[in-house]
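Inspection log for the structure reproduced underneath, given as structure tokens.
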Protein chains: 2
Amino acid sequence: MNSEFTIAVHSLVLLAYRPDHMATSDMIAHNVCTHPARVRKVMACLRKLGYVKAKEGSGGGFILSCDPSQVTLAEIYRATSIGSIKPGWCSGDAEQECMIACNMADVMGQIFTEAEMHLLGFLQQLTIQQVLGRIRDVQQDRT
Amino acid sequence: MNSEFTIAVHSLVLLAYRPDHMATSDMIAHNVCTHPARVRKVMACLRKLGYVKAKEGSGGGFILSCDPSQVTLAEIYRATSIGSIKPGWCSGDAEQECMIACNMADVMGQIFTEAEMHLLGFLQQLTIQQVLGRIRDVQQDRT
DNA sequence: AGTAACTGTTACGAATATAATTACAGTATG
DNA sequence: CATACTGTAATTATATTCGTAACAGTTACT
């Protein structure tokens, strides 16, 4: 799975944690533990889909512009990582005579596509708000 | 997803296609389109779990030793690729004060584990025999 | 107007993961 | 005892991923 999914979810949860607080890419990057430029890239994607608003210029940054209890991880997966369940490497060879060799890539492609749909079904059940809830639960258990 | 899963499934389907035919790692590697040593590594794993039998020495190779209509892709996934759905990269940092930063890795870990269980549920429904059936279907559609 | 603090985006280098290849010990066959 | 295999580890090559730098464009503040 694509790690941009992780960055996107982390950033949205962070923004949902303080809904009225504007966060710069520097602040988010520090929290997520990556580079600000990478955060900006992911956030630009989330902005285009309306999940966050970006403000350029001095005093700017990102702020949540969605209801975190309505946004599911399935949407975020679709936005950032669709297709990433399938390995880059493909077996077989369409040029071969053998029925197995020349059709296996197609069939595995089908299977990975269906597997991804099932994965989306699971992610559909989880909202950003629920992820924040889980964070609180884990924090509670630490004590 | 780990590409060894693909190699394992491809090899098993190939062996199921000709159940009484012994195939060398060279033959399988040519069909799968990879290196014989890689095939042997994956097959050694399948052998230890009883899915195939290996015969060393001249005239040796691999032969199926399971019922392909009983072996599901979930078993193969477990054997070759468990944990591979989770990206290697982890966000957050356990040393930070922030509740989000220090617990996000744990929570994402939970989520990926659950996602993998759902994935296994889907793969459980697919047998090696059914994959072979799909190959035949795709071949049919070509004409 | 000018400076500082941001985002948006691209390009490139570094680190990491993955696959191919080589090598060789061990084993069965004829 | 030569040949044809598996089993396995080590090494090299390649692809992918991540970090970083650079800079144009935008806004706020003085």
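Values in this document were obtained by computation on a predicted structure and should not be read as measured data. The sequence lines fix the lettering, A, B, ..., with proteins before strands; numbering per chain opens at 1. All values below come from the heavy atoms of this structure, side chains included, with hydrogens, waters and symmetry mates left out.
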Can you measure [X] atom [atom1] to [N] atom [atom2] for me and round it to whole angstrom units?
| X | N | atom1 | atom2 | answer |
| --- | --- | --- | --- | --- |
| Met27(A) | dA5(C) | CE | P | 15 Å |
| Arg47(B) | dG26(C) | CZ | C1' | 13 Å |
| Asp26(B) | dG7(D) | CG | C1' | 14 Å |
| Leu46(A) | dT7(C) | CG | P | 14 Å |

(message) Below 4.0 angstrom, which residues in residues 9-25 of chain A have at least one non-hydrogen atom near DNA chain C?
(response) Thr24(A), Ser25(A)

(request) Apply side chain to side chain contact (heavy atoms under 4.5 Å, CB included) to the pair Tyr17(B) and Leu12(B), showing each step before the final yes or no. (result) CA-CA 8 Å; Tyr17(B) 180 50; Leu12(B) 287 172; over 6 Å; no

(message) Can you tell whether the side chains of Glu116(A) and Lys86(A) come within less than 4.0 Å, N to carboxylate O?
(response) no

(message) Can you see whether Arg78(A) engages Thr72(A) through a side-chain donor-acceptor pair at a distance of less than 3.5 angstrom?
(response) no

(message) Strictly under 4.0 angstrom, non-hydrogen atoms only: write out the protein contact profile of nucleotides 13-23 of chain C, one letter per nucleotide from the 5' end, B, S or -.
(response) ------SSBBB

(message) Rounded at 0.5 Å granularity, tell me how far NZ in Lys53(A) sits from CE in Met43(A).
(response) 13.5 Å

(message) Measuring from atom CG of Leu15(A) to atom NE2 of His10(A), what distance do you get when rounded to the nearest 0.5 angstrom?
(response) 10.0 Å

(message) Please give me the minimum heavy-atom distance between Cys33(A) and Gly92(B), naming the atom from each residue.
(response) SG-O, 3.5 Å

(request) For Met1(B) and Ile85(A), work out which heavy atoms get closest and say how close. (result)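 Heavy-atom minimum between the residues: CB-O, 3.1 Å.
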
(message) For dT7(C) and Lys41(A) - does any side-chain N or O of the residue sit under 4.0 Å from the phosphate oxygens OP1/OP2?
(response)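 No, outside the criterion.
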
(request) Check whether any side-chain N or O of Lys48(B) sits under 4.0 Å from OP1 or OP2 of dG7(D), and answer yes or no. (result) no

(message) Within a 6.0 Å radius of atom NE2 on His118(A), are there more than 12 heavy atoms belonging to other residues, nucleotides or ligands?
(response)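 It does: His118(A) NE2 has more than 12 such atoms within range.
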
(message) Over all strands shown, is Lys53(A) touching base, sugar-phosphate only, or nothing at heavy-atom distances under 4.0 angstrom?
(response) nothing

(request) Take Gly59(A) and Glu56(A), find for each the nucleotide of DNA chain C with the closest heavy atom, and name the residue whose nucleotide sits nearer the 5' end. (result)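 Its nearest nucleotide lies further toward 5', so the answer is Gly59(A).
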
(request) With Asn103(A) as reference, evaluate Arg136(B), Gln139(B), Arg134(B) under the side-chain hydrogen bond (donor to acceptor under 3.5 Å, both in side chains) test and give the passing residue. (result) Gln139(B)

